[in-house]
Amino acid sequence: VQLVESGGGLVQPGGSLRLSCTASESRFGVYDMAWVRQAPGKETEWVSSINSGGGSTYYADSVKGRFTISRDNTKNTLYLLMNNLKPEDTAVYYCATYFGRPRDGSSHYEGSDFGPWGQGTQVTVSS
């Protein structure tokens, strides 16, 4: 599955952004999906994931209550609504197919749980 992320930008602390990830194939709807992020000098973090049907969602503790993952399988598109953004959310955000177990909590990234990323979209939170 080829993935293209969009929607990033520069936003002030407390602001909002909605990221999108569009898949190239109609089989998008059979995959669990996830967002991960990578900040300069920091380890890659798992941010959120969603099951294939969209009915189950999971979040890292660092974003729980602020970010909302969703998907529209009729449009082959994954979303990440980010509210109350903080400077520590600054990173390049990537979407990927997800093959790991459902989980909440730790943002630990295990590469073998994910398919190839898209090209990413930069999110910068700064005043």
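- Between Phe28 and Leu78, the shortest heavy-atom distance links the atoms CZ-N, 3.8 Å.
- With sequence neighbours left out, the side chain to side chain donor-acceptor pair (under 3.5 Å) criterion links Arg27 to Tyr31.
- Linking ILVMFWY residues whenever their side-chain heavy atoms come closer than 4.5 Å, directly or via other members, places Tyr93 and Val11 in the same cluster.
- A donor-acceptor contact shorter than 3.5 Å is absent between the side chain of Asn73 and the backbone of Asn76.
- In this structure, Cys95 SG and Ile69 CD1 are separated by 9.5 Å, a value rounded to the nearest 0.5 Å.
- Considering only heavy atoms from C-beta on, Leu3 comes within 4.5 Å of Met33 through its side chain.
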Throw together a table of side-chain donor-acceptor distances under 3.5 angstrom for residues 16-25, partners on residues two or more places apart or in other chains.
| from | atom 1 | to | atom 2 | distance (Å) |
| --- | --- | --- | --- | --- |
| Ser16 | OG | Asn83 | OD1 | 2.8 |
| Ser24 | OG | Gln2 | N | 3.2 |
| Ser24 | OG | Gln2 | O | 3.4 |

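- Partners of Thr77 according to the side chain to side chain donor-acceptor pair (under 3.5 Å) rule, which considers only residues two or more places apart in sequence or in another chain, do not exist here.
- Heavy-atom minimum distance, Val47 versus Val63: O-CG2, 3.6 Å.
- Among residues two or more places apart in sequence or in another chain, the side chain to side chain donor-acceptor pair (under 3.5 Å) test is passed with Thr124 by Gln122.
- Pairs passing the salt bridge (Lys or Arg N to Asp or Glu O under 4.0 Å) check and including a residue from residues 102-123, sequence neighbours excluded, do not occur.
- A distance-only check finds a donor-acceptor pair linking the side chain of Gln119 to the backbone of Glu5 [under 3.5 Å].
- A search for side chain to side chain contact (heavy atoms under 4.5 Å, CB included) contacts involving Thr68 returns Tyr59, Leu81, not counting sequence neighbours.
- Residue Thr90 comes nearest to Val125 through the heavy atom pair OG1-N, 2.9 Å, listed as atom of the first residue, atom of the second, then distance.
- Under the salt bridge (Lys or Arg N to Asp or Glu O under 4.0 Å) criterion, the residue pairs touching residues 78-92 are Arg37-Asp89, Arg66-Asp89, with sequence neighbours excluded.
- Cluster note: Trp46 groups with Val36, Tyr58, Val92, Tyr94, Tyr98, Tyr109, Phe114, Trp117 through ILVMFWY side-chain heavy atoms spaced under 4.5 Å, whether in direct contact or through intervening members.
- Residues forming a salt bridge (charged side-chain N to carboxylate O under 4.0 Å, His left out) with Arg71 (at least two apart in sequence, or on another chain): none.
- Listed by chain and number, the residues in a salt bridge (charged side-chain N to carboxylate O under 4.0 Å, His left out) with Lys42 amount to none (sequence neighbours excluded).
- Here the CD atom belonging to Glu45 is positioned 10.5 Å from the CD atom belonging to Gln38, to the nearest 0.5 angstrom.
- Applying the salt bridge (Lys or Arg N to Asp or Glu O under 4.0 Å) test to pairs two or more places apart or on separate chains, those with a residue in residues 46-61 are Asp61-Lys64.
- The side chain to side chain donor-acceptor pair (under 3.5 Å) search around Ser127 returns none, not counting sequence neighbours.
- Using a 4.5 Å heavy-atom threshold, the side chains of Pro102 and Ser49 count as separate.
- What you find for Pro13 and Ser126 is that their closest heavy atoms are CD-C, 3.6 Å.
- Trp35 and Tyr79 fall into different hydrophobic clusters, where Ile, Leu, Val, Met, Phe, Trp and Tyr residues are linked whenever their side-chain heavy atoms come under 4.5 Å apart, directly or through other members.
- Under the 3.5 Å distance criterion, the side-chain polar atoms of Asn51 are left unmatched by any main-chain donor or acceptor of Asp32.
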